[in-house]
Structure formats: C-alpha cells, structure tokens
> 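Structure provided below as structure tokens; questions to follow.
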Amino acid sequence: MKKIFRLLFCCMTVIAVTTACDDNPIDEDGLLITDRDECYVSNFDLTGTDHLTVKIGDAIIDNEACTINITVAYGTDLQHLYPKFSLVTDAKLEPKITGITDFSDLANPRRYTVISGSRRVRKTYTIYITVQKPV
C-alpha cells in the first residue's frame, strides 16, 4: 500500500512540475516571458575599459522619443566603451551587450531595442554622444 501511495505521489509531482512550466514560458535566451508590456530604459551609463564612468552629468533619457543623450569626458576613447542599461522589470535588450562597443561614429549613433517582458512591445532607442569640449 505504501508503494502505491509513493508512486501516486511521484506521478502527481511530475504532473505539477510539468503544468507549472507551461504557465511560465521562457524565451530563446532562457528568460521568463511575463504579462508585462512596460518597455523603457530607466538608467544609462558608459564606462571605459577600467569600468569607471566616462559620462559628465546624467544621461538624458527620453522614453517617448526613445533617445538617450549623454556627454562624455574630453579624451574618452569612444572605440572602447561598455554601455550599461537599466531596464524596466522583465524587459531585455537587443543586441545583447557582450563586451567592448565602438561608439566612435558619432554621425551614425548606436541603436538598441528594448523588448517588454511579454515580448509584445519593442522600442528602439538611439544613443547620441556629445564629447565635452576641452577646458
């Protein structure tokens, strides 16, 4: 009788785990897909290869126009920067940031797309960099 209850318990556990996975799908990156449609950047920074910020003042983020304006220190090596985004809960970023990024072509600003937790809303942000004038 104990064996039957133990077998029944194991079967119920497997069913519960399998059903729970269907309620919480994951995307191709292994991230949980949620019901959240919010899609915005809350903070942005650029750091050098020493991982210290190169920005002067705060980045100006316009979530309506989907633009980020940032001023960097004079002499900053724009070819070797790490962008750092803070996104709304459950959102993700494309392209993925995998290391050093070249921002030196100021005439063609970089673009990143924020994708909501539900994966239904996408907003492409353009990053405009201004280099501080020499003192």
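What you are looking at is a predicted structure, and each value in this text was computed from that prediction instead of being measured.
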> T126 and T67: side-chain donor and acceptor closer than 3.5 Å?
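Per modelled atom types, T126 and T67 side chains form no pair under 3.5 Å.
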> side-chain contact (heavy atoms from CB on, under 4.5 Å), that's the test. Do K55 and L46 meet it? Break it down for me.
CA-CA 6 Å; K55 72 178 180 174; L46 284 173; 5.6 Å; no
> Does the side chain of I61 come within less than 4.5 Å of F85's, by heavy atoms?
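F85 vs I61: side chains apart.
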> Do V88 and I60 belong together in a cluster built from hydrophobic side chains that touch within less than 4.5 Å?
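Looking at the clustering, I60 is in a separate group from V88.
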> Report yes or no: does S104 contribute a side-chain atom to a donor-acceptor pair with the main-chain N or O of L78 at less than 3.5 Å?
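A pair under 3.5 Å: no.
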> In terms of heavy-atom contacts, does OH of Y82 have more than 12 from other residues, nucleotides or ligands at under 6.0 Å?
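Above 12, so yes.
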> Would you call K92 and E28 a salt bridge, using N to O less than 4.0 angstrom?
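Salt bridge present between K92 and E28.
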> With heavy-atom distances below 4.5 Å as the criterion, would you say the side chains of E38 and T89 are in contact?
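E38 vs T89: side chains apart.
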> Which pairs pass salt bridge (charged side-chain N to carboxylate O under 4.0 Å, His left out) with one or both residues in residues 121-130, sequence neighbours excluded?
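Of all non-adjacent pairs touching residues 121-130, those that pass salt bridge (charged side-chain N to carboxylate O under 4.0 Å, His left out) are E94-R122.
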> I'd like to check T76 versus V131 (side-chain heavy atoms, cut-off strictly below 4.5 Å). Are they in contact?
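Of all side-chain heavy-atom pairs linking V131 with T76, none is under 4.5 Å.
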> Could you tell me whether the side chain of D35 and the main chain of S118 form a donor-acceptor pair under 3.5 Å?
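Answer holds: no.
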> Go through it in stages, so that I can follow the logic: the residues are L87 and V41, the test is side-chain contact (heavy atoms from CB on, under 4.5 Å), and I'd like the CA-CA distance, side-chain angles, deciding distance and then a yes or no.
CA-CA 5 Å; L87 306 176; V41 175; 4.0 Å; yes
> Sub-3.5 Å donor-acceptor pair from the side chain of D29 to the main-chain atoms of L31, do we have one?
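No; zero donor-acceptor contacts below 3.5 Å.
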> With the side chain counted from C-beta on, respond yes when T101 and Y112 share a heavy-atom pair under 4.5 Å apart, and no when they do not.
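T101 reaches Y112 side chain to side chain.
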